[in-house]
K.L.:
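So that we are looking at the same thing, I have put the structure below in structure tokens.
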Number of protein chains: 2
Amino acid sequence: MKKAVPHAPQTDAGGPPRQRILAAACELFYKHGIRSVGVEAVAEAASTNKMTLYRHFGSKDELIVAYLQQVAEESDGRWQNMMRSHAGDFAAQVEAWLGYVEQVVSDFGERGCPMANAAVELQGTEHPALRIIEDYKARKRRQLVAMLGGAGYANPERVADEVFLLFEGARISRQCYSVRECPSTRLVEMLRSLLESHRSR
Amino acid sequence: MKKAVPHAPQTDAGGPPRQRILAAACELFYKHGIRSVGVEAVAEAASTNKMTLYRHFGSKDELIVAYLQQVAEESDGRWQNMMRSHAGDFAAQVEAWLGYVEQVVSDFGERGCPMANAAVELQGTEHPALRIIEDYKARKRRQLVAMLGGAGYANPERVADEVFLLFEGARISRQCYSVRECPSTRLVEMLRSLLESHRSR
DNA sequence: TGTTCATGTTACTGGTCGGTAACATATCGG
DNA sequence: CCGATATGTTACCGACCAGTAACATGAACA
């Protein structure tokens, strides 16, 4: 097995240690995966040390949980901002979300959905983080259904599921394809025509 | 970190050691992930020992490569059988493939695409297995395009990509959702209506 | 000034894991 | 029967890693 992160870069950035540690964990866990990143590497990247890390997070498992909670919080916050800044205008909400999707899927640093990746790495265990992932995905689905329902789509659950699977598939595909061939480059246009074909009938 | 596979079950089954080892690796790597399964566990599950394993596979990395090659071989074989047994009848080929998808997605033991899972676990490294994954996915895409093109769909690349992302998304979702809510349960009907809407126009 | 509390530092433990050495056993072809 | 070749067995090494102990430092605050 190759080591994923031999010498962690100092992704410092100030702020209290707990915050720096969490930020470093977010970056490293996402980039290299949960299992292949050691707590020492996280502490180093946060410009601190293992002891301080363990004073804030009782164990690596707790840190993983905190990492996923952080991801969920950021994602939920982003969603709420998006919905609020187009409150009432459902079409604009959908459009804003498509913009976000476009951005995610074309990001060079895209390494898939952090939640899905974590689920893969923790499969077959009873890690408490799995609960967070499940809740997160269910919540995301509900949000999508609500938005599409508001926008007047006939079968919002059905459309949401389809949209969801496409997005999910696109993100995981970014790790399996050479950049040139990855079908995720056409995701947004797929979503557009999918939504078009389910337009409020 | 929780251990994923504390005591490997003896999934014996006869045959020469190399074959048993590979079979055990396939099962364990798929069930619990690559990183969390040790070579000792694989050897035990194959009713042999570490030394014999290392005589056939020079390292764990080689075993991982062999595992993914095996997965690819099986998948390619399945595809060819499916295509051959309905040679000439493209509609029947599509139908057979949908049957396969249905089976995969409703399998209780489904833990996502082994290739995609491996890609997640190896992200950020330069593991030789990544090459195999990339080739595999590109090949799968070509096969799908060929089948759909034969079946007379107007934009086979476009349809294939969409079908692909849906399938990929469905498989990864099985690891993120509680069984009841997983949108993958509706995958096949999604695929059907998607194909229907692109019917040879 | 002196106390307190968070943080830094070093060194360590115990366990796991990939990989190897050395030797024993078994099987099979000549 | 003999020797070659594959396999089993045991023990070990070195690296890594999660987690802890003990102590030093430094800053805020009374």
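Each chain gets a letter, A, B and so on, in the order its sequence line appears, and its residues count up from 1.
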K.L.:
Measuring from the side chain of A:Asn49 (C-beta onward, heavy atoms only), which nucleotide among D:dA18, C:dT9, C:dG19 has the closest atom?
P.N.:
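For the A:Asn49 side chain, the nearest candidate turns out to be C:dT9.
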
K.L.:
Ignoring backbone atoms, establish whether B:His56 has a side-chain N or O less than 4.0 Å from OP1 or OP2 of D:dT7.
P.N.:
yes

K.L.:
Under a 3.5 Å threshold, yes or no: a donor from one side chain and an acceptor from the other, between B:Ser193 and A:Arg158?
P.N.:
yes

K.L.:
Whole angstrom is fine here: how far is it from OH in A:Tyr54 over to P in C:dT13?
P.N.:
17 Å

K.L.:
What is the distance, rounded to the nearest whole Å, between atom CD of B:Glu44 and atom C1' of C:dC17?
P.N.:
14 Å

K.L.:
Return whichever of B:Pro17 or A:Lys50 has its heavy-atom-nearest nucleotide of DNA chain D closer to the 5' end.
P.N.:
B:Pro17

K.L.:
OP1 or OP2 of C:dT7 sitting under 4.0 Å from any side-chain N/O of A:Thr52?
P.N.:
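So the side chain of A:Thr52 is outside the cut-off, no N or O lying under 4.0 Å from OP1 or OP2 of C:dT7.
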
K.L.:
Round to the nearest Å and state the distance from B:Leu63 atom CG to C:dC17 atom P.
P.N.:
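Distance, rounded to whole Å: 15 Å.
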
K.L.:
Before accepting this row, confirm whether a basic side-chain N of the pair B:Glu157/A:Arg186 lies closer than 4.0 Å to the acidic partner's carboxylate O.
P.N.:
no

K.L.:
Expressed in angstrom and rounded to an integer, what is the separation of B:Leu53 atom CG from C:dT20 atom P?
P.N.:
12 Å

K.L.:
Examine C:dG8: is either OP1 or OP2 under 4.0 Å from a nitrogen or oxygen in the side chain of A:Thr48? Give yes or no.
P.N.:
yes

K.L.:
Tell me if the CZ atom of A:Arg139 is crowded by more than 12 foreign heavy atoms within 6.0 Å.
P.N.:
yes

K.L.:
Is it true that B:Glu74 and B:Gln70 share a donor-acceptor pair across their side chains at a distance under 3.5 Å?
P.N.:
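Note: B:Gln70 and B:Glu74 side chains meet the donor-acceptor criterion.
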
K.L.:
Closest nucleotide of DNA chain C for B:Glu40 versus for B:Met51: which of these residues is on the 5' side?
P.N.:
B:Glu40

K.L.:
What does the list of N/O pairs under 3.5 Å between the protein and nucleotides 23-26 of chain C look like, with a distance for each?
P.N.:
none

K.L.:
Would you indicate whether the side-chain heavy atoms of A:Glu168 and A:Ile172 approach each other to under 4.5 Å?
P.N.:
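A:Ile172 vs A:Glu168: side chains apart.
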
K.L.:
For the pair made of CZ in B:Phe57 and P in D:dT7, what is the distance, rounded to whole Å?
P.N.:
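Result: 11 Å.
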
K.L.:
Rounded to the Å, how far apart are A:Ile34 CD1 and D:dC17 C1'?
P.N.:
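Going from A:Ile34 (CD1) to D:dC17 (C1'), I get 16 Å.
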
K.L.:
Where is the tightest heavy-atom contact between B:Ala170 and B:Val105, given as atom of each residue plus distance?
P.N.:
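Looking at all heavy atoms of both residues, the closest pair is CB-CG2, 3.9 Å.
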
K.L.:
Using the side chain to side chain donor-acceptor pair (under 3.5 Å) criterion, which residues pair with B:Ser75? Sequence neighbours excluded.
P.N.:
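If we apply the side chain to side chain donor-acceptor pair (under 3.5 Å) test to B:Ser75, skipping adjacent residues, the hits are B:Tyr136, B:Lys140.
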
